[in-house]
Amino acid sequence: MEHAAERNGVCTVMDPATLLFAWMLPMVATFADRVPGIFFGLPLLALASLIFAATHHEDPAAIGLATVHWTVWLGGILGLVLAAVLLLGWIS
Amino acid sequence: MGRSAPAPPRRIVATSPDDGSAIDLRNPALAAALSWLLPGLGQCYQGRTFKGGLFMTSIVGALLTGLWIGGGNVVYASWRPGENRWAFLCQAAIGAAAVPALIQSSLLGGPGRQPLAASPWFAPPLIRGQPVSEAYARRLADADPAIEADDFRRQPNGTVRYEPSQSGGQSSLWHLRLGRFFDIGTLYTMLAGLLNLLVIYDAWAGPMRTPTAADESDDKQGDPPPRGASRWTKRLPRR
C-alpha cells in the first residue's frame with residue numbers, strides 16, 4: 001500500500017512531536033540515570049517558586065504567573081549549574 | 001479646659017503589590033507566631049484565607065512528604081557528642097515539627113528515659129550506652145525490625161542500656177535502611193522550614209515587593225515607617 005506522504009511527493013519519516021519525544025525520552029532516561037534523585041528535586045523547585053511568588057503577591061492569578069516566572073528562572077539557573085557539573089565530570 | 005478625645009486605636013496595614021489595596025495585618029506579631037506554629041495560620045487569622053490555605057497545603061505537604069520519604073525519622077532534635085542534628089535548625093522554623101521534636105528529646109533525656117507515650121515519632125536516635133526505660137526498649141524492639149530485644153542490657157537500677165551488637169547507634173541503622181532517602185527526606189523538611197521563614201515574614205509585614213520609582217520619591221517626601229512596622233506597612237486609624 002502506498003504511503004500517504006509518498007503519494008503527495010513528501011518524504012517524512014515521522015512528525016516533529018514524535019521525533020522530539022523519541023529524542024527526549026532516552027535523554028531524560030540517561031539524565032535520570034546519571035543524576036540519581038533528580039526527580040525528587042523538581043517538586044522542591046516548584047514549591048520554592050510557589051512560596052516565593054505567593055510572598056510577593058496577593059492576587060491568585062498574579063501568584064500563578066509569578067510561580068511560572070520563578071520556576072523558569074530557578075530551573076534555568078540550577079539546570080545550568082548541573083550541566084556544568086556534569087560537563088566537568090565528563091571532561092575529567 | 002477641654003480634654004481632647006482619646007486617639008482611635010490604630011491598625012497596621014500593608015499595600016497589595018497587585019492592585020494597591022490595603023491589607024489589614026491585625027496583630028502582626030500574633031500572626032507571625034501563628035504562622036510559625038502552623039504555616040499559613042497567621043494569614044488565615046488576617047483574613048487572607050487563599051494564601052493561608054496555599055501555604056498550609058504546600059509547606060505542610062512538603063514536611064509530611066519528607067517525613068514519609070525518611071521513614072518518619074528525619075525530624076528530631078539532638079545535641080550530643082557525635083549526634084548533633086544541625087538540620088533541625090532549619091526544621092525548627094515550623095513549630096508543628098519543632099515542638100514535638102523538642103518535647104521528645106527532652107523527655108528521652110529526662111529522668112523518665114522515654115519519649116511521650118513511648119512513641120519513637122520525632123524522638124532522637126539512641127546512641128551506644130544510652131539508658132532508656134524498659135517500655136521504650138520493648139516498643140523499639142517491636143517497631144524497628146533492625147533492633148532486637150538483645151540490643152538492650154538490663155541495669156541494676158531498673159533501666160536498660162542500648163548496647164547493640166553492631167557498631168554505631170540507631171542513626172546508623174536508619175542510614176543503612178533508608179540509604180539516600182534519609183538525606184532526601186531531610187532535605188524536604190529543611191526546605192519546608194526555610195520557606196516557612198518567608199511565610200512568617202509575609203504574616204508579619206505583608207507581601208514583599210521590589211521598590212518602584214514612585215516608592216522612592218514617596219520615601220524622600222514622607223515620614224519614616226513607624227516603629228515595629230516594615231518599610232511597606234503603615235499605621236492607619238481603626239475604622
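Naming: A, B, ... by sequence-line order, numbering from 1 per chain. Values below: every heavy atom of this structure, side chains too, minus hydrogens, waters and symmetry copies.
- In this structure, B:Ser58 and A:Ile51 have side chains that are in contact, with non-hydrogen atoms separated by less than 4.5 Å.
- The shortest heavy-atom contact between A:Glu58 and B:Arg48 is OE2-NH2, 2.7 Å.
- Interface with chain A: from residues 179-196 of chain B, residues B:Arg180, B:Phe181, B:Ile184, B:Leu187, B:Tyr188, B:Leu191, B:Leu195 qualify, criterion being any non-hydrogen pair under 4.5 Å.
- The backbone N or O of B:Asp18 lies less than 3.5 Å from no partner atom in the side chain of A:Asp59, so there is not a single donor-acceptor pair.
- The closest donor-acceptor contact from the side chain of B:Lys51 to the backbone of A:Pro60 lies at 3.5 Å or more, if one exists at all.
- Within residues 68-92 of chain A, no residue has any heavy atom under 4.5 Å from a heavy atom of chain B.
- Among all heavy-atom pairs drawn from B:Leu198 and A:Thr55, the shortest one is O-CG2, 3.6 Å.
- With a threshold of 4.5 angstrom between heavy atoms, A:Leu50 approaches chain B through side-chain atoms but not through N, CA, C or O.
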